[in-house]
Amino acid sequence: MHKTLTEIIKNRKSIRSFADKPVSNDIIKEMLQKSSRAPSGGNLQPWKIYIVNEKSMKDFLQFQKNWKGKEEPPYPIYPEKLKEPYRTSRNQMGEQMYSLLDIKREDKIGRLNQMLKNFDFFGAPVGMFCFIDKQMGLPQWSDLGMFLQTFMLLAVDNNLDTCAQESWSLKQNCVKTYLDISDDSILFCGMAIGHANMDDKVNELNTPRRPIDEWATFIE
Ligand SMILES: Cc1cc2nc3c(=O)[nH]c(=O)nc-3n(C[C@H](O)[C@H](O)[C@H](O)COP(=O)(O)O)c2cc1C
């Protein structure tokens, strides 16, 4: 039975451990094509996408392991002094994940090793990188979000799993060098794409949302 849009939205969640099961570029291409129906201000379609899969995934991961170049993260992933309630939500998410994995607060190495799994695409067979031209501003960055969410929902529709990864922005020089991308572009994020390994506890994480009355106001 085909899933409804509501079911697809409810079923999407970030997956941080993938099964060793390939995904063809044909299906990724079809999903990208459909994702480009996402709206964008002035129909600019400001996304620039690169996919690594199979041979290029192996090559890239090897290149990355050997990378000794300097990194200059292109944007701060979070504001420096994150206000409430955002700070609490962020901390809760981290604590929820580490307690599921039984990695204690004092276990800095354990936490770091978990974070570093980002740079292996959590074992996913396919990796996506999403760039944007440096010329673009906040409205166009928000267009990327719509494109990426459309893609992540289509992934669920195709029985695939994803994790968006801002962490790749910390390695933007490495990624740009491997892909031979000019300085006109900024790496917004990466994305791991594949089939969830449901034997890994990390994938049991279900993140809560703040109640609607805290962020939506209906004016009488
Ligand atoms: C743009 C973007 C970047 C993200 N970057 C990372 C990341 O680098 N590493 C990671 O483990 N999760 C990352 N996430 C996943 C979020 O932590 C996750 O979406 C959030 O905790 C809500 O959980 P859910 O996706 O399972 O609903 C990112 C999500 C988005 C939308």
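Computed over heavy atoms, backbone and side chain alike; hydrogens, waters and symmetry mates excluded. Everything numeric in this text was worked out from a predicted model, so none of it was measured.
Enclosure of atom CG in Asn66 by more than 12 non-hydrogen atoms of other residues, nucleotides or ligands within 6.0 angstrom is indicated. No more than 12 heavy atoms of other residues, nucleotides or ligands shown are found within 6.0 angstrom of NZ on Lys58. Taking a 6.0 Å sphere around CD1 of Ile77, one finds it holds more than 12 heavy atoms contributed by other residues, nucleotides or ligands. Atom OH of Tyr75 has more than 12 neighbouring heavy atoms from other residues, nucleotides or ligands inside a 6.0 Å radius. Environment of CG in Leu138: sparse, with no more than 12 heavy atoms of neighbouring residues, nucleotides or ligands closer than 6.0 Å. Surrounding CD of Gln33 are at most 12 heavy atoms belonging to other residues, nucleotides or ligands under 6.0 Å away.
Under the 4.5 Å side-chain heavy-atom criterion for ILVMFWY residues, a single connected hydrophobic cluster contains both Ile193 and Ile49. Put simply, Ile109 and Leu100 are part of two different groups of oily side chains (I, L, V, M, F, W, Y) that touch within less than 4.5 Å, one to the next. Hydrophobic clustering keeps Met146 apart from Trp47 (ILVMFWY residues linked when any side-chain heavy atoms are closer than 4.5 Å, directly or through intermediates). Linking Ile, Leu, Val, Met, Phe, Trp and Tyr residues whenever their side-chain heavy atoms come within less than 4.5 Å leaves Leu160 and Phe18 in two separate clusters. Taking hydrophobic clusters as Ile, Leu, Val, Met, Phe, Trp and Tyr residues chained together by side-chain heavy-atom distances below 4.5 Å, Leu170 shares a cluster with Leu144.
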Evaluation steps, side-chain contact (heavy atoms from CB on, under 4.5 Å), between Gln165 and Phe122: CA-CA 10 Å; Gln165 298 179 281; Phe122 301 114; 3.3 Å; yes

side-chain contact (heavy atoms from CB on, under 4.5 Å) between Val202 and Gln114, worked out: CA-CA 10 Å; Val202 74; Gln114 177 57 34; 4.0 Å; yes

Chi angles and distances behind the side-chain contact (heavy atoms from CB on, under 4.5 Å) call for Asn25, Glu54: CA-CA 9 Å; Asn25 271 343; Glu54 297 179 6; over 6 Å; no

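Asn203 places no side-chain N or O within donor-acceptor distance of the main-chain N or O of Met198, the cut-off being under 3.5 Å. At least one donor-acceptor pair closer than 3.5 Å links the side chain of Asn118 to the backbone N or O of Met115. In this structure, Gln62 contributes its side chain and Asp59 its backbone to no donor-acceptor pair below 3.5 Å. A distance-only check finds no donor-acceptor pair linking the side chain of Lys21 to the backbone of Asn197 [under 3.5 Å]. In this structure, Asn158 contributes its side chain and Leu154 its backbone to a donor-acceptor pair below 3.5 Å. With hydrogens and angles disregarded, a donor-acceptor distance shorter than 3.5 Å links the side chain of Asn173 to the backbone of Lys70.
The residues Asp199 and Lys201 are annotated as not salt-bridged, no charged nitrogen and carboxylate oxygen being separated by less than 4.0 angstrom. Note on Arg111 versus Glu95: salt bridge recorded, some NZ/NE/NH1/NH2 to OD/OE distance being below 4.0 Å. Ionic pairing of Asp183 and Lys176 is present here: one or more N-O contacts between side-chain nitrogen and carboxylate oxygen are shorter than 4.0 angstrom.
With hydrogens and angles left out, the side-chain atoms of Ser89 and Arg210 include a donor and acceptor closer than 3.5 Å. For the 3.5 Å distance criterion, the side chains of Ser40 and Asp143 fail to qualify, holding no donor opposite an acceptor. Lys3 and Asn159 share a donor-acceptor pair across their side chains, judged by distance under 3.5 Å alone. Donor-acceptor pairing under 3.5 Å is recorded for the side chains of Lys48 and Ser185. Side-chain contact annotation: Gln45 with Asn43, donor-acceptor N/O pair under 3.5 Å present. Arg90 and Thr88 are not linked by any side-chain donor-acceptor pair at a separation below 3.5 angstrom, with hydrogens and angles left out of the test. Donor-acceptor pairing under 3.5 Å is recorded for the side chains of His2 and Asp157.
Pairing each heavy atom of Pro74 with each of Ser169, the nearest pair is CD-O, 3.1 Å.
Side-chain contact check for Lys117 versus Arg16: every heavy-atom pair is 4.5 Å or farther apart.
For residues 162-191, the pairs satisfying ring-ring contact (aromatic ring centres under 6.0 Å, His included) are Phe60-Trp168, Phe60-Tyr178, Phe63-Tyr178, Phe119-Trp168, Phe121-Trp168, Phe129-Trp168, Trp141-Phe188, with sequence neighbours left out.
Taking Ile, Leu, Val, Met, Phe, Trp and Tyr as hydrophobic and joining them when side-chain heavy atoms fall under 4.5 Å apart, one finds Ile8 in a cluster with Leu5, Ile9, Leu153, Val156.
For Trp67, the side chain to side chain donor-acceptor pair (under 3.5 Å) partners two or more places apart in sequence, or in a different chain, are Glu71.
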